[in-house]
There are 2 protein chains.
Amino acid sequence: MARTTGSDGEKTEAAVREAAVNLIARFGYEAMSMRQLAAEVGVQVAALYRYFPTKEELLFTLMREHMEGLATAWEAARPTDADPAQLLSAYVRNHIAFHIERRHATHVSNMELRSLSPERLTQILRMRTAYEKELRAILRDGAEAGAFSIDDTGLTAMALIQMMTGVIVWFRPGERLSIAEVTATYLSMTMRLVGATSAGEERDVHEHAQLRA
Amino acid sequence: MARTTGSDGEKTEAAVREAAVNLIARFGYEAMSMRQLAAEVGVQVAALYRYFPTKEELLFTLMREHMEGLATAWEAARPTDADPAQLLSAYVRNHIAFHIERRHATHVSNMELRSLSPERLTQILRMRTAYEKELRAILRDGAEAGAFSIDDTGLTAMALIQMMTGVIVWFRPGERLSIAEVTATYLSMTMRLVGATSAGEERDVHEHAQLRA
DNA sequence: GAATTAATTGAACGTTCGTTTTATTATTGC
DNA sequence: GCAATAATAAAACGAACGTTCAATTAATTC
């Protein structure tokens, strides 16, 4: 046989992407074979190479689109004319929502960086740094405005990102906590961590979180 | 040639361990080949199999000893008759010191879990859970005693561990910050995050960290 | 100093890997 | 309905993989 009835390039490519994210998240990039991926999609190995010239290019595509999606989501979620606490709150909400929604893709983007060639690694890291820079700016502006009490802006930003992204390690949808509860608690922890003093939505969030304590 | 002059089983095994930790941390377990490891040690491939029956057993040994070391370090560092803030402070100090000191081994233990067989994975996770349980107990006791203000003990413990362990992702010895400075800032962030109210050593640490702000 | 044990080499095993090539069939445009 | 093109199958490539085995030499024991 050759071309199969009802075959469609776009559908196949989308199926390859989705299967690849799941397999790489579960077994790791090196451990996933192109044969395994093809079998998961329900296609022969050679068909994969019609859409992605190499295995690494497939990985890179998944990562790049994940980072682009993160940047796009933040652009859409970022409030205009907001005080530091509201900005930080929006950043935390967006970060947690995005990462919980795309647990597997986040896993891939965080764990498989070393499988990229130096040039591609640089490209992904540049996107990541740009995203983290937004948080540092929020923290710096808030500290200068007296809304936050922060020892070291850069270190605090890294600590917050590690803390928030860590959600995907243990969070499983439908278990003890809902996404809203997790987000509320993380918001509360974040605001305390940065020593937020303002009376914005942060206090509401904090009081809401206390309801479950 | 066969046995080489000055060859010593103990030294070779130690060299294999060390080289394996470094190579796996840098390239990943799947990407590291036994030939690459042998070349790094300066030995032929077959010699590795005198010390570790399989590649996975080597990985498991590295992980198990890392987790045992972490438990041992905490047992030695845990204060007797201390208030919650002092206990938490000791936990944070020990965790950060241990993980910075063994960055590569921590990377291996955190990133390569999926390469273990189910039984071995369970064994490592059991050790990890036991260690995390200590932190949850500290947080729970502190919250009950009124020393901390915590929304969700389990969630806070996970957030703290992710935040602290994340140090190894960005920290490089000899750069902008010293280990002492990083530890002080993380202690400060931790105490604020858990809403510590007591006037133990936590205030000293916090004031000290403020000196650099 | 001969016998035994410890440590290692060198070569090979079968398997799996990412990738390529060629042929074949389904779909699309005219 | 016929040409052009898109999508896939089937088979094969050489290279690299984890692992094993037999042979060989250094160190140790008596």
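So you know, we letter chains A, B, ... as the sequences are listed, proteins then strands, and number each from 1.
With B:Leu59 as the fixed residue, the side-chain contact (heavy atoms from CB on, under 4.5 Å) test singles out one of B:Leu116, B:Leu113, B:Ile124: B:Leu116.
Regarding B:Phe52, its CZ atom lies at a distance of 18 Å from the C1' atom of D:dT20, rounded to whole Å. Atom-to-atom, CZ of A:Arg50 to C1' of C:dT27 comes out at 12 Å; the value is rounded to the nearest Å. Spacing between atom CE of A:Met34 and atom C1' of C:dG18 amounts to 7 Å, rounded to whole angstrom units. In this structure, NZ of A:Lys55 is placed 8 Å from C1' of C:dC17, rounded to the nearest angstrom. Atom CD of B:Glu56 is separated from atom C1' of D:dC17 by 16 Å (rounded to the nearest Å). Summarising the geometry, the separation between CD on B:Gln44 and C1' on C:dG10 is reported as 7 Å, rounded to the nearest angstrom. If you measure from atom CD of B:Glu10 to atom P of C:dT5, you get 19 Å, rounded to the nearest angstrom. Across the protein-nucleic acid pair, A:Tyr49 atom OH and C:dT19 atom P stand 4 Å apart, rounded to whole Å.
Proximity note for B:Arg35 (side chain, C-beta onward) versus D:dT20, D:dT8, C:dA12: the nearest is C:dA12. For A:Val43, counting side-chain heavy atoms from C-beta on, the closest listed nucleotide (C:dA12, D:dA9, C:dG18) is D:dA9.
One finds no side-chain N or O of A:Thr12 lying less than 4.0 angstrom from the OP1 or OP2 phosphate oxygen of D:dA7. Contact annotation: B:Ser33 side-chain N/O to D:dA16 OP1/OP2 distance is not under 4.0 Å.
Side-chain rings of A:Trp74 and A:Tyr91 approach one another, their centers coming within less than 6.0 Å.
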Identify every side-chain donor-acceptor pair in residues 27-42 of chain B under 3.5 Å, counting partners at least two apart or on other chains, and give the distances.
{"residue": "B:Tyr29", "atom": "OH", "partner": "B:Glu56", "partner atom": "N", "Å": "3.1"}
{"residue": "B:Ser33", "atom": "OG", "partner": "B:Gln36", "partner atom": "N", "Å": "3.0"}
{"residue": "B:Gln36", "atom": "OE1", "partner": "B:Ser33", "partner atom": "N", "Å": "3.4"}

I'd like a table of donor-acceptor pairs (distance under 3.5 Å, sequence neighbours excluded) in which one partner is a side-chain atom from residues 155-165 of chain A, with atom names and distances.
{"residue": "A:Thr156", "atom": "OG1", "partner": "A:Asp152", "partner atom": "O", "Å": "2.7"}
{"residue": "A:Thr165", "atom": "OG1", "partner": "A:His95", "partner atom": "NE2", "Å": "2.9"}
{"residue": "A:Thr165", "atom": "OG1", "partner": "A:Ile161", "partner atom": "O", "Å": "2.8"}

